[in-house]
Amino acid sequence: MNANPQAIAAMSAITISREYGSGGGEIAARLAHRLGWQLIDHAIIEQTARELEVHETEVEKHDEEYVESARPGILERILEQMAPSAPMTGGGGIFIRPSSSAEVLAYQESMRNIITAAATTGHVVIVGRGGQVLLANRRNVLHVRVIAPLELRVAYTARREGLDTEAAHRRVQAKDQARTRYMQTQYQSQHEDPHLYDLVIDTAVLPLDNAVDLICLALEGKASRLNVPVEQLGPAADLGPYPARPADFRVPGQPSS
């Protein structure tokens with residue numbers, strides 16, 4: 001299924017929240033490639049690290065485990081380097097220096113600025129970083145959650161990262177806990193809350209490319225409703241009353257009222 005560029009032109013961003021090992025990151029990359037949109041993923045951390053002259057692993061410690069950001073001026077330089085349909089890539093020399101609480105706060109603020117400005121620039125796929133909360137009030141942003149059963153996520157992680165099953169299980173649990181802590185600390189939210197998303201996809205059976213198809217379909221559907229007044233949205237749109245009074249479900253053995 002190919003996306004309709006004209007139908008989705010008014011949409012500015014897609015946020016992808018994912019359980020670790022669900023394939024959500026791979027779905028995001030394939031989605032960005034299909035749409036010709038910019039992927040905002042792990043490379044943002046690398047770029048932020050270079051700009052802050054902090055080793056990448058030091059920055060990651062503050063990322064989904066605790067916080068996200070940078071310094072004034074970083075945002076503009078990163079966005080200038082955003083090439084259409086190509087993920088940003090890391091590289092270059094980075095030297096280690098300790099991170100202070102002031103740097104942590106700067107890191108939080110600037111990463112939020114990066115996400116917000118990227119969505120404003122438009123046509124981006126944003127992976128993680130609380131985008132589903134940060135951009136919740138923007139009608140031209142589609143929010144997606146990708147999940148899978150734990151045992152399948154462990155198998156995915158073991159295969160993709162070359163780990164044995166026990167190590168993969170520990171990895172998945174650690175990342176799940178880190179992401180939960182991050183959302184609670186930074187946004188006072190639970191990423192499992194289905195009301196944060198337009199679409200929740202379980203990859204237990206569904207192939208990743210089919211998941212991309214569904215997201216494109218949802219993107220077009222949401223784009224088609226952008227000009228509909230808020231009060232006319234919702235499941236009751238274009239529906240009249242039931243033709244007859246709906247009967248309540250009655251438990252067998254209980255008298256009807």
Side-chain angles (χ1 to χ4, degrees), residues 1-4 8 11 13-37 39-45 60 63-65 87 115 124-136 141-184 186-187 189-223 225 235:
M1 171 185 170
N2 293 320
N4 184 337
I8 64 175
M11 298 297 288
I14 302 169
T15 70
I16 305 288
S17 169
R18 74 278 184 233
E19 290 185 322
Y20 195 79
S22 65
E26 178 65 25
I27 288 171
R30 296 185 188 188
L31 178 65
H33 178 75
R34 184 180 299 188
L35 296 174
W37 286 16
L39 180 65
I40 307 294
D41 199 355
H42 179 75
I44 283 259
I45 303 173
E60 284 181 328
D63 186 53
E64 289 196 334
E65 293 188 10
I115 293 170
V124 293
V125 178
I126 302 169
V127 182
R129 282 74 180 165
Q132 71 273 40
V133 178
L134 196 58
L135 305 174
V141 177
L142 182 76
H143 303 288
V144 179
R145 173 81 170 160
V146 182
I147 63 172
L150 177 60
E151 64 273 15
L152 296 183
R153 296 193 289 126
V154 169
Y156 178 98
T157 302
R159 180 174 182 178
R160 295 281 280 178
E161 301 184 23
L163 302 173
D164 60 42
T165 300
E166 185 177 347
H169 190 273
R170 290 196 302 268
R171 171 82 165 156
V172 169
Q173 284 189 318
K175 294 296 287 186
D176 283 351
Q177 291 169 4
R179 290 173 177 176
T180 296
R181 184 166 58 246
Y182 173 77
M183 289 295 290
Q184 290 174 342
Q186 295 305 306
Y187 296 104
S189 298
Q190 300 287 340
H191 51 202
E192 298 93 344
D193 182 358
H195 296 96
L196 293 175
Y197 309 102
D198 299 293
L199 182 66
V200 178
I201 298 176
D202 188 339
T203 54
V205 177
L206 194 68
L208 301 189
D209 281 333
N210 286 165
V212 174
D213 291 340
L214 286 176
I215 296 171
C216 290
L217 184 64
L219 187 67
E220 290 188 24
K222 192 167 185 179
R225 308 288 285 170

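We use all heavy atoms of the structure for the numbers below, so side chains are in, but hydrogens, waters and symmetry mates are not.
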To check you understand the geometry: which heavy-atom pair defines the closest contact between Leu39 and Ala32, and what is its length?
CB-CB, 4.0 Å
Kindly give the heavy-atom pair with the smallest separation between Lys222 and Val141, and that separation in Å.
NZ-O, 2.6 Å
Result for side chain to side chain donor-acceptor pair (under 3.5 Å) between Asp193 and one of His191, Gln190, His195 points to His195
Tell me whether Arg18 contacts the main-chain N or O of Val146 through its side chain, where contact means a donor paired with an acceptor under 3.5 Å.
no
Give the intermediate values and the outcome of side chain to side chain contact (heavy atoms under 4.5 Å, CB included) for residues Gln177 and Tyr20.
CA-CA 10 Å; Gln177 291 169 4; Tyr20 195 79; over 6 Å; no
Supply the atom-to-atom distance Arg179 CZ to Glu19 CD, rounded to the nearest 0.5 angstrom.
9.5 Å
Taking 4.0 angstrom as the limit, do Asp213 and Arg34 come out as a salt bridge?
yes
Could you please spell out the steps behind the side chain to side chain contact (heavy atoms under 4.5 Å, CB included) verdict for Leu150 and Arg153?
CA-CA 5 Å; Leu150 177 60; Arg153 296 193 289 126; 3.8 Å; yes
Listed by chain and number, what are the side chain to side chain contact (heavy atoms under 4.5 Å, CB included) partners of Ser189, not counting sequence neighbours?
Val133, Met183, Tyr187
As a quick check of understanding, evaluate side chain to side chain contact (heavy atoms under 4.5 Å, CB included) for Leu35 and Leu219, giving each step before the final call.
CA-CA 11 Å; Leu35 296 174; Leu219 187 67; 4.0 Å; yes
Going from CD1 on Ile16 to CD1 on Ile40, what distance comes out if it is rounded to the nearest 0.5 angstrom?
12.5 Å
Straight-line distance of Cys216 SG to Leu142 CG, nearest 0.5 Å
9.5 Å
Those residues that, when tested against Tyr156, pass side chain to side chain contact (heavy atoms under 4.5 Å, CB included) (two or more places apart)
Glu26, Arg160
Would you check, one step at a time, whether the test side chain to side chain contact (heavy atoms under 4.5 Å, CB included) holds for Val144 with Leu31?
CA-CA 12 Å; Val144 179; Leu31 178 65; over 6 Å; no
Determine the sole option in Arg145, Arg129, His143 for which the side chain to side chain donor-acceptor pair (under 3.5 Å) test with Thr15 is passed.
His143
Distance-only criterion, 3.5 Å: show the donor-acceptor pairs between side-chain atoms of residues 203-212 and protein atoms not counting sequence neighbours.
| unit_1 | atom_1 | unit_2 | atom_2 | d |
| --- | --- | --- | --- | --- |
| Thr203 | OG1 | Ser22 | O | 2.7 |
| Thr203 | OG1 | Ile147 | O | 3.3 |
| Asp209 | OD1 | Arg30 | NH1 | 3.1 |

Which value, rounded to the nearest 0.5 Å, describes the distance between Ile201 atom CD1 and Leu199 atom CG?
4.0 Å
